[in-house]
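Scroll down for the structure; my scribbles are underneath it.
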Number of protein chains: 2
Amino acid sequence: MASNASKEVIDDLDKRIIQFLSHNGRMSFAEMATHLDVTEKTVRTRYNNMVENKIIEVVGVVNPITLGIKVAAIIQFRVIPEFLDDVIEELKNNPVIRYVTTTSGDYQLLAQMNMRDYEELNDTIKIIHQIPNITSTNVLIQLDVHKNSFEFI
Amino acid sequence: MASNASKEVIDDLDKRIIQFLSHNGRMSFAEMATHLDVTEKTVRTRYNNMVENKIIEVVGVVNPITLGIKVAAIIQFRVIPEFLDDVIEELKNNPVIRYVTTTSGDYQLLAQMNMRDYEELNDTIKIIHQIPNITSTNVLIQLDVHKNSFEFI
DNA sequence: AATGAAACTCGGATCTG
DNA sequence: CAGATCCGAGTTTCATT
């Protein structure tokens with residue numbers, strides 16, 4: 001079969017659907033359809049295909065500030081190269097760590113995390129420092145988040 | 001009335017609603033209700049209150065990789081302090097920049113960005129270097145994103 | 001908490017380029 | 001042949017009681 005499962009092509013209609021959803025993920029297919037001047041079924045099929053192909057995902061996003069999760073930090077890690085994957089695995093399993101990426105530069109790894117207060121930050125850093133094969137870390141406290149967008153198009 | 005607009009208190013039921021939504025933002029109130037053994041109306045009012053109070057938000061999130069947006073980078077900035085707000089404003093207006101935060105440490109500012117390819121990265125960096133009052137930058141290319149969660153609880 | 005009307009979703013059949 | 005539309009039955013939402 002020529003065409004395979006993941007068709008990464010996205011046309012203008014798909015983009016406009018995404019635009020609606022990025023503002024309100026629960027907008028009804030029917031409402032989008034009237035705005036876009038197509039049938040509800042068309043929007044629904046497009047949506048299902050995009051979800052199927054992992055192009056989009058509609059999810060509830062929590063605002064940590066309103067929830068009293070007021071401390072955010074970024075940590076960079078130097079790691080013994082052969083154990084990089086193990087360290088990544090450990091970090092992924094820590095629930096306060098939200099984001100983990102490998103990077104170029106002085107440190108191979110960068111993680112972002114959100115916590116209630118500075119006490120929890122301290123605890124977390126202590127726990128992290130128990131992870132084997134980390135040779136050094138660099139902690140940046142986040143003072144304020146000015147932009148946090150989920151749109152890429 | 002005693003209770004004011006932003007009741008940041010969240011109970012167990014709210015949390016479980018959030019848990020459902022963080023997996024599927026479009027799950028119907030009715031379905032959550034049967035799982036949670038409460039009425040649809042209860043779930044709906046809880047949801048509306050949480051959105052109202054900016055505790056959660058249901059949004060479409062695009063997977064940049066599937067969309068061919070394959071290059072991600074993090075930039076740190078040293079800025080002349082009195083112009084910090086101006087620089088933040090400039091960065092916020094750049095559509096490829098997704099995340100902007102002030103931090104402690106050597107650099108006052110950190111931004112994350114997503115682009116199609118290295119050409120676009122180059123262009124973006126050039127544009128960023130035109131912004132006045134930035135004294136130095138540090139670019140980290142993201143090699144791989146290992147975790148990107150939206151749950152905080 | 002229950003009810004009922006209006007809105008929405010869903011799948012199948014059909015049409016179109 | 002994929003993708004759009006039409007359509008009717010089944011759900012979900014939502015204001016009112």
Side-chain angles (χ1 to χ4, degrees), chain A residues 1-63 66 150-153, chain B residues 1-69 150-151 153:
Chain A
M1 62 263 28
S3 94
N4 70 9
S6 81
K7 48 169 284 207
E8 349 178 329
V9 238
I10 245 196
D11 70 5
D12 205 58
L13 182 57
D14 291 323
K15 281 188 194 170
R16 296 172 69 198
I17 292 171
I18 293 173
Q19 235 135 49
F20 280 118
L21 292 174
S22 70
H23 291 111
N24 173 14
R26 289 181 77 87
M27 181 181 283
S28 73
F29 296 142
E31 188 179 349
M32 290 188 261
T34 54
H35 284 307
L36 298 170
D37 211 34
V38 293
T39 58
E40 171 270 329
K41 170 101 179 199
T42 301
V43 176
R44 184 156 40 98
T45 315
R46 296 298 193 106
Y47 170 79
N48 286 332
N49 284 338
M50 288 194 286
V51 171
E52 181 87 10
N53 294 320
K54 302 221 194 287
I55 288 168
I56 55 166
E57 189 185 11
V58 173
V59 291
V61 176
V62 175
N63 179 347
T66 359
F150 301 104
E151 297 173 66
F152 295 94
I153 52 175
Chain B
M1 61 267 23
S3 93
N4 68 9
S6 82
K7 47 170 277 208
E8 354 177 321
V9 238
I10 243 192
D11 70 4
D12 204 59
L13 182 57
D14 291 324
K15 281 188 192 168
R16 295 172 71 197
I17 292 171
I18 292 173
Q19 234 134 50
F20 280 117
L21 292 175
S22 70
H23 292 111
N24 173 13
R26 293 181 73 88
M27 182 181 283
S28 75
F29 297 142
E31 188 179 348
M32 290 188 261
T34 55
H35 285 306
L36 297 171
D37 209 35
V38 293
T39 62
E40 172 270 328
K41 166 108 185 192
T42 304
V43 177
R44 183 154 42 92
T45 42
R46 295 298 191 108
Y47 170 79
N48 286 331
N49 283 338
M50 288 194 287
V51 170
E52 182 86 11
N53 293 323
K54 303 221 192 289
I55 288 169
I56 55 165
E57 187 185 15
V58 173
V59 291
V61 176
V62 176
N63 179 346
I65 302 293
T66 358
L67 268 184
I69 299 174
F150 301 104
E151 296 173 67
I153 51 175

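Chain letters run A, B, ... following the sequence lines, proteins first, then strands; residues in each count from 1.
Computed from coordinates, the A/F29 CZ to D/dC7 C1' distance equals 18 Å when rounded to whole Å. With rounding to whole Å, A/E31 atom CD is found 11 Å from D/dC14 atom P. D/dT5 atom C1' lies 16 Å from atom CG of A/L36, rounded to whole Å. Between the CZ atom of B/F20 and the P atom of D/dT12 there is a distance of 14 Å, rounded to whole Å. The distance from atom CG of B/N24 to atom P of C/dT9 is 13 Å, rounded to the nearest whole Å. One atom, CD1 of A/I17, and another, C1' of D/dA4, lie 13 Å apart when rounded to the nearest Å. In this structure, the CE atom of A/M32 is 17 Å from the C1' atom of D/dA4, given to the nearest Å. In this structure, A/M50 atom CE and D/dG3 atom C1' are separated by 14 Å, rounded to whole Å.
Minimum heavy-atom separation, B/M32 to A/R26: CE-NH1, 4.2 Å. For B/I69 against A/F152, the heavy-atom pair with the smallest separation is CD1-O, 3.3 Å.
Set against D/dT12, C/dC8, D/dC14, the side chain of A/A30 has C/dC8 as its closest nucleotide. Distances from the side chain of A/S28 to the nucleotides D/dC14, C/dC10, C/dC8 place C/dC8 closest. Closest to the side chain of A/V38, out of C/dT9, C/dC10, D/dT5, is D/dT5.
Between the base of D/dG3 and the side chain of A/K41 there is no donor-acceptor pair shorter than 3.5 Å.
Rounding to the nearest 0.5 Å gives a distance of 11.0 Å between CZ of B/F150 and CD of B/E57.
Using modelled atom types, no side-chain atom of A/N53 and backbone atom of A/I55 make a donor-acceptor pair closer than 3.5 Å. Without hydrogens or angle criteria, A/D14 side chain to A/D11 main chain gives a donor-acceptor distance under 3.5 Å.
Sequence order on DNA chain D of the closest nucleotides to A/T39 and B/E40 puts A/T39 first from the 5' end. Toward the 5′ end of DNA chain C lies the nearest nucleotide of B/T42, the other residue of the pair A/M27 and B/T42 mapping further downstream.
Proximity of A/R44 to the phosphate of D/dA4: no side-chain N or O atom is located under 4.0 Å from OP1 or OP2. Considering only side-chain N and O atoms, A/R46 lies nowhere under 4.0 angstrom from the phosphate OP1 or OP2 of D/dG3.
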